[in-house]
Chemist: 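Before I ask anything, let me first share the structure, which is written out below as C-alpha cells.
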Amino acid sequence: MSVLDVVDLLAEISDIGRDAARGGYSRRVFESPERELRAWFTRHAEALELDVSTDRNGNLWAWWGEPRPGAVGTGSHLDSVPGGGAYDGPLGVASALAAVSWLRETGHRPAVPLAVVVFAEEEGARFGSACLGSRLSVGAVDPVSVLGLLDDRGVALADAAAEAGIDPTGMGADPTVNELSSFVELHVEQGVGLADTPHAVAVATGILAHGRWRIRFTGEGNHAGATRMEDRRDPVVAAARLVLDARDLAAAGDAERSTRATVGRVEFIPGGTNVIASTATVWADCRAEDDDALADLVRAVSIAADAIASVEGCTVEVTAESVSPAVVFDSGLRERIARAIGDDVPALSTGAGHDAGVLAARIPTAMLFVRNPNGVSHAPSESASDEDCRAGVDALTRVLADLTGAEAASA
Ligand code: GLV
Ligand code: MN
Ligand code: MN
C-alpha cells in the first residue's frame, strides 16, 4: 500500500455535499453528505488497519493501538457551515490520515496509542450549538439540554442522532477524550497571518472568547398596504437597527479588545413580501479577546436590543445558544511542537472556534495552521495550495511521531 496523499484525499471528497445554490459545500451533521464523508473516512482508516468506532456523542474514532489513557489524539471535523469551503475541517482529517499512513508505511510504531478523531457538529450549522460533539464529550454541556434542539426543518437532535445509529439517551461526558495525553488539530488558517511570510505552517497560541446569541423581536403582524407607517410595530425594523448597533458596538472595541459581532442569519416570520412580520430573529455571533470583554460586548448588545424594541413597539428576548471561553493553548506542548517542526515556526492566535479549543480546558491541546493565501474561510473561496497542504502533513507527522514516541523500525 502506498502513502496517502492529502491532496488526493481531498480530491476524493470534492463532489460530496456541494451546494449548487450557495456555492461551496453544505455538509450538515448526520445528513447524507456528512454521512458519506464518515463512510469515506472509515474506509480509509480501516484500510490503514485502524479500529473505527462511533462514540456516544456521534464522534468517529480511528485507533492505532488499543484505546487507553495517555493516548495521543489528532483530527478535526467533516461538517461545514452553509456554503463553506473545502478545507475547514476536512484538511485536518485528511492530514491525520495521511500522517498515519506515512508513519505506518515507514515502519514507525507508536509507543502510546494514536487516535484520529472526527468531531460531530463542529460548526453548529444544523442544531445551532458550536462544537457540540466535543463539548458533550468533555462534559461542558448537559446532554439533556441539547436533545431537543431543532434543525430548520423541525427535526430534533435526538431523532437525527438516532437515525444515524447513535443512542441519544447515552450522550454525555466521555472519559476517552478526557484521558488523552494531548490533542493536536491541524486546520486551514482563517486569516492572512502566514500569507506574506515564507512559512507554510504556524502553531496556534489561543482562541478568542466567542458565542452565539438568538435575539428575537416580537411585534405585530399586519398588512403591508393597509397599515399606516405610524401604526406599525415592525420587528424587522427593530432587527435591522440591531444589526447596525451590534456592528458599531463591536467595531468600537475591535482594536483594543478584539470585539467582533456578526449577524449572518436572520429569520422573519411569516416572511411574506406584502406582510409586516410578527417576529424577526437575528443570530448574533459575538467574539472578544477574553471572557470579560465578551460579556461586556453581549451586555451592550442586549441593552441596545431592549432600547430598540421599546422605540419600535416590540418586545425582545435574548438567548445564549452556545458560549466558549477564551483559550490559551498549552505552552509546553506548543514549545515541544516548535522543537519537532523547527523553532522558527510562527505562532498565531485565531478568532475562529475549534474542537481543540474545547478540549484545551481538560487536556494539553495544540493546533497547526496551514497558510491560506487569501485568508478567507467559511466561504467557497477558502483555499490552501497543494504544496502547503503537504507541508502541513509533514509538520503534523513529525509532531505525532514525537508525541507518540513512534520509533522507525528501520531507522
Ligand atoms: C467555527 O469555525 C467558528 O469559529 O465559528
Ligand atoms: Mn469553521
Ligand atoms: Mn473548523
Side-chain angles (χ1 to χ4, degrees), residues 10 13 17 19 22 24-29 34 37 41 59-60 73-96 116-135 183-191 193 202 204 206-214 250 258-265 283-289 294 320-327 329 348-360 365-370 372 375-384 389 392 396:
L10 290 175
I13 57 172
D19 189 324
R22 298 182 175 98
Y25 297 92
S26 292
R27 296 159 163 172
R28 305 202 321 165
V29 70
E34 199 249 7
L37 292 173
F41 172 80
N59 308 310
L60 267 173
T74 185
S76 192
H77 59 99
L78 291 171
D79 64 309
S80 77
V81 296
Y87 298 87
D88 178 352
L91 181 61
V93 174
S95 297
V116 181
V117 194
V118 177
F119 285 105
E121 182 71 330
E122 192 270 353
E123 300 287 7
R126 182 165 180 196
F127 293 104
S129 194
C131 294
L132 197 55
S134 55
R135 288 195 303 130
F183 182 84
V184 182
E185 179 171 359
L186 178 147
H187 206 277
V188 66
E189 194 202 342
Q190 299 168 295
I207 300 181
L208 297 182
H210 61 285
R212 300 169 182 198
W213 284 265
R214 187 176 65 237
S258 300
T259 46
R260 318 258 158 89
T262 307
V263 175
R265 181 178 164 208
W283 280 263
D285 177 308
C286 297
R287 309 194 183 210
E289 67 176 7
L294 179 63
E321 289 196 334
S322 59
V323 184
S324 302
V327 172
F329 287 113
L348 292 177
S349 68
T350 180
H354 299 285
D355 296 306
V358 173
L359 270 52
T365 299
M367 292 191 74
L368 296 174
F369 294 137
V370 171
N372 176 338
V376 172
S377 188
H378 285 185
S381 61
E382 176 180 84
S383 72
C389 290
L396 181 65

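Model, not experiment: these values are computed from the prediction. Positions are given from 1 along the sequence. We count ligands from 1, going down the list as the structure has it; atoms in each ligand are counted the same way.
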Chemist: Tell me which N, O or S atom from Asp88 is the closest to the Mn ion (ligand 3).
Modeler: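 The closest N, O or S atom of Asp88 to the Mn ion (ligand 3) is OD1.
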Chemist: Any idea which N/O/S atom from His378 gets closest to the Mn ion (ligand 2)?
Modeler: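 Per the distance ranking, His378 contributes NE2 as its closest N/O/S atom to the Mn ion (ligand 2).
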Chemist: Taking 2.8 Å as the cut-off, does His77 contribute an N, O or S atom near the Mn ion (ligand 3), distance below it?
Modeler: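 Coordinating: yes.
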Chemist: Can you find a pair of side-chain heavy atoms, one from Arg27 and one from Leu78, that are under 4.5 Å apart?
Modeler: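 Not touching, per the 4.5 Å side-chain cut-off.
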Chemist: State, with a plain yes or no, whether a side-chain heavy atom of Leu359 is found less than 4.5 Å away from one of Phe119.
Modeler: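 They are in side-chain contact.
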Chemist: What atoms in ligand 1 come closer than 4.0 Å to a heavy atom of Glu123?
Modeler: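 Answer, ordered by atom number: 1 (C), 2 (O).
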Chemist: Any N or O of Ala352 that comes nearer than 3.5 Å to an N or O of ligand 1?
Modeler: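 No: no nitrogen or oxygen of Ala352 is under 3.5 Å from one in ligand 1.
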Chemist: Give yes or no for whether the N/O distance cutoff of 3.5 Å, strictly under, is met between His378 and ligand 1.
Modeler: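 By distance alone, the answer is yes.
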Chemist: Under a 4.5 Å cut-off applied to non-hydrogen side-chain atoms, are Leu294 and Cys286 in contact?
Modeler: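 A side-chain contact exists here, since the closest heavy-atom pair is under 4.5 Å.
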Chemist: Confirm or rule out an N/O/S atom of Glu123, from backbone or side chain, lying less than 2.8 Å from the Mn ion (ligand 2).
Modeler: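 Yes - counting backbone and side chain alike, Glu123 has an N, O or S atom under 2.8 Å.
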Chemist: Any heavy atom of His187 sitting closer than 4.0 Å to ligand 1?
Modeler: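 No, His187 has no heavy atom closer than 4.0 Å to ligand 1.
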Chemist: Any side-chain heavy-atom pair from Thr350 and Met367 closer than 4.5 angstrom?
Modeler: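 Thr350 does not reach Met367 side chain to side chain.
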Chemist: Using heavy-atom distances only, which candidate in His77, Arg212, Gln190, Arg287 approaches atom 3 (C) of ligand 1 most closely?
Modeler: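 The nearest heavy atom belongs to Arg287.
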Chemist: Measure the acute angle between the ring planes of His354 and His187, then classify it against the limits of 30° and 60° as parallel, tilted or perpendicular.
Modeler: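 Answer is perpendicular, since the angle exceeds 60°.
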Chemist: Can you find an N or O of Asp285 that's nearer than 3.5 Å to an N or O of ligand 1?
Modeler: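 No; the residue has no nitrogen or oxygen that sits under 3.5 Å from a nitrogen or oxygen of the ligand.
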Chemist: I'd like to know whether Val370 forms a side-chain contact (heavy atoms from CB on, under 4.5 Å) with Tyr87, so could you lay out the CA-CA distance, the side-chain angles of the two residues, the decisive distance to 0.1 Å, and finally the verdict.
Modeler: CA-CA 10 Å; Val370 171; Tyr87 298 87; over 6 Å; no
Chemist: What closest approach, in Å, do Glu189 and Asn372 show between heavy atoms, and which atom pair accounts for it?
Modeler: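 Answer, listing the atom of Glu189 first, then Asn372: O-ND2, 2.8 Å.
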Chemist: May I ask you to check if Arg212 and Trp283 form a cation-pi contact, with NZ or CZ under 6.0 angstrom from the six-membered ring centre and within 45° of the axis?
Modeler: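 Pair Arg212/Trp283 does not count as cation-pi.
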Chemist: Are His210 and ligand 1 in contact, using a heavy-atom cut-off of under 4.0 Å?
Modeler: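 Heavy atoms of His210 never come under 4.0 Å of ligand 1.
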